[in-house]
Amino acid sequence: MKQKNILIIFVSLAVIVCAGIFLAYYVSHRSEHRGVVNSGLPMETVSIGGVLIDVEIASNDEQRELGLSNRASLAEGKGMLFVFDPPRDVGFWMKDMNFSLDMIFANTDGVILNIAHDVSPDTYPNQLFHSAGEVRYVLEVPAGYAEKEGIAVGQVIEVRK
C-alpha cells in the first residue's frame, strides 16, 4: 500500500512538471510566432501592394523611442509601425539594436516617401535615417524584406483594423 501511494505521488509530480514545461514552451513560442516579444503593444495588420505584415503599434514618445531595441530578432512578415500625430519630419537611429532593418517612411495618406534599406546596428551613434518630408508612419521590417516583397516608393501602407 505504501509503495502504491509513493508511485501515485511520483506520477502526479511528473505530470505537473511536464505540464509546466509544456505551458512555458507554448507561451514563449506562441508569442514569437506572432512577432510579439512581451511588448504589450497593440497589434494590427498593414497591407502594402497585397503584402500583409503583422505589426506592433508604437504611438507615443516612450514606445517610439524604445522601438525594437534590445530584441534578438524580428520574424519575416512582422514589423513595428511608428505612428506620429501630428505628422512630422523624423530621424531614426539604431540604438541598442541587435539586427538590421528596412525603414519605410510614409506620409499621412500612407504613401511611401522613402526607404532606408538594410540599416545596420553599427550605424549608431553616427547616423540618423531621415524621412523625405513629413510622415505619419514609419514601418520597420527585417532587413531585405522591402526589396524581397517589392515594396517601393509610391506604394501605399494601408492599416487594417
Side-chain angles (χ1 to χ4, degrees), residues 21-85 87-161:
I21 292 170
F22 173 78
L23 182 61
Y25 176 84
Y26 175 77
V27 168
S28 70
H29 282 76
R30 181 172 172 253
S31 294
E32 286 175 5
H33 177 71
R34 289 178 40 226
V36 179
V37 187
N38 298 323
S39 70
L41 295 176
M43 296 288 296
E44 296 290 345
T45 299
V46 299
S47 174
I48 306 172
V51 176
L52 299 178
I53 306 166
D54 294 324
V55 297
E56 294 172 78
I57 305 293
S59 58
N60 66 39
D61 289 340
E62 183 180 350
Q63 294 166 347
R64 290 188 295 254
E65 185 174 335
L66 180 59
L68 293 167
S69 296
N70 299 311
R71 299 194 189 189
S73 64
L74 183 62
E76 186 113 346
K78 308 294 182 192
M80 180 171 279
L81 185 67
F82 298 81
V83 180
F84 296 92
D85 189 15
R88 62 194 82 158
D89 290 311
V90 297
F92 271 55
W93 61 17
M94 293 294 283
K95 183 178 180 189
D96 298 323
M97 288 297 298
N98 296 310
F99 53 93
S100 297
L101 294 169
D102 289 345
M103 297 176 186
I104 303 168
F105 299 87
N107 68 16
T108 302
D109 297 322
V111 176
I112 297 172
L113 302 180
N114 63 305
I115 302 174
H117 294 276
D118 299 315
V119 178
S120 169
D122 297 335
T123 60
Y124 182 80
N126 300 319
Q127 199 169 358
L128 284 177
F129 299 87
H130 293 276
S131 58
E134 288 190 349
V135 295
R136 177 168 172 79
Y137 305 108
V138 178
L139 174 60
E140 292 183 342
V141 294
Y145 188 77
E147 185 176 342
K148 177 183 173 203
E149 295 296 334
I151 297 170
V153 171
Q155 288 183 303
V156 177
I157 296 175
E158 297 176 29
V159 180
R160 298 178 170 212
K161 299 212 178 205

| said: If you apply the rule ring pair (Phe, Tyr, Trp, His ring centres under 6.0 Å), what do you find for Phe92 with Phe82, and how did you get there? | reply: CA-CA 11 Å; Phe92 271 55; Phe82 298 81; 4.9 Å; yes

| query | Do Asp109 and Val156 pass the side-chain contact (heavy atoms from CB on, under 4.5 Å) test, and can you show the C-alpha distance, the side-chain angles, and the key distance before you say yes or no? | reply | CA-CA 8 Å; Asp109 297 322; Val156 177; over 6 Å; no

| field | Val83 vs Tyr137, side-chain contact (heavy atoms from CB on, under 4.5 Å): CA-CA, chis, key distance, verdict | value | CA-CA 5 Å; Val83 180; Tyr137 305 108; 4.1 Å; yes

| task | Could you walk me through whether Arg136 and Asp85 pass side-chain contact (heavy atoms from CB on, under 4.5 Å), step by step? | result | CA-CA 7 Å; Arg136 177 168 172 79; Asp85 189 15; 3.6 Å; yes

| said: Under the criterion side-chain contact (heavy atoms from CB on, under 4.5 Å), I'd like the reasoning laid out for Val141 against Leu101: C-alpha separation, chi angles, the key distance, then a yes or no. | reply: CA-CA 6 Å; Val141 294; Leu101 294 169; over 6 Å; no

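The closest donor-acceptor contact from the side chain of Glu149 to the backbone of Ala146 lies at 3.5 Å or more, if one exists at all. Formation of a donor-acceptor pair under 3.5 Å by the Asn107 side chain with backbone atoms of Val135 is not found in this model. For the pair Gln155 (side chain) and Ala152 (backbone), a donor-acceptor distance under 3.5 Å is present. A donor-acceptor pair is defined here as one N or O able to donate and one able to accept, closer than 3.5 Å; such a pair exists between the side chain of Asn98 and the backbone of Arg71. Between the side chain of Asn114 and the backbone N or O of His130, at least one donor-acceptor pair lies under 3.5 Å.
Side-chain contact check for Leu81 versus Glu56: every heavy-atom pair is 4.5 Å or farther apart. The closest side-chain heavy-atom distance from Val90 to Phe105 is below 4.5 Å. Residues Asp102 and Asp118 are in side-chain contact: their nearest non-hydrogen atoms beyond the backbone lie under 4.5 Å apart. The closest side-chain heavy-atom distance from Val138 to Ile104 is not below 4.5 Å. Within the 4.5 Å cutoff, side-chain heavy atoms of Gln63 are placed close to those of Leu41. Side-chain contact between Val111 and Ile157: absent, with no pair of heavy atoms (C-beta onward) separated by less than 4.5 Å. Taking 4.5 Å as the limit, some side-chain heavy atom of Met97 sits within range of a side-chain heavy atom of Leu68. For the pair Glu44/Arg160, no side-chain contact is recorded, criterion being any heavy-atom separation below 4.5 Å from C-beta on.
Between Ser100 and Ser120, the closest heavy-atom pair is OG-CA, 3.5 Å. Annotation for Ile53 and Ile48: closest pair CD1-CD1, 4.3 Å, computed over non-hydrogen atoms. Nearest heavy-atom pair, Leu74 versus Pro142, reported as atom, atom and distance to 0.1 Å: O-CG, 3.4 Å. Here the closest non-hydrogen pair linking Ala72 and Phe99 is O-CD2, 3.6 Å.
For the side chain to side chain donor-acceptor pair (under 3.5 Å) test, residues two or more places apart in sequence or in another chain that qualify with Arg64 are Asp61. Checked against ring pair (Phe, Tyr, Trp, His ring centres under 6.0 Å), Tyr145 has no partners two or more places apart in sequence or in another chain. Evaluation of the ring pair (Phe, Tyr, Trp, His ring centres under 6.0 Å) rule for Tyr124 yields Trp93 as partners, not counting sequence neighbours.
Salt-bridge formation is not detected for the pair Lys78/Glu140: no Lys NZ or Arg NE/NH1/NH2 atom is positioned less than 4.0 Å from an Asp or Glu carboxylate oxygen.
Atoms CG and CD, on Asp96 and Glu65 in that order, are 10.0 Å from each other to the nearest 0.5 Å. Separation of atoms CZ (Phe84) and CG (Asn60) is listed at 11.0 Å; rounding is to 0.5 Å.
By the neighbour-count criterion of 12 heavy atoms within 6.0 Å, atom CD of Glu76 is densely surrounded, having more than that number from other residues, nucleotides or ligands.
A donor-acceptor contact under 3.5 angstrom links the side chains of Thr45 and Asp54, judged on distance only.
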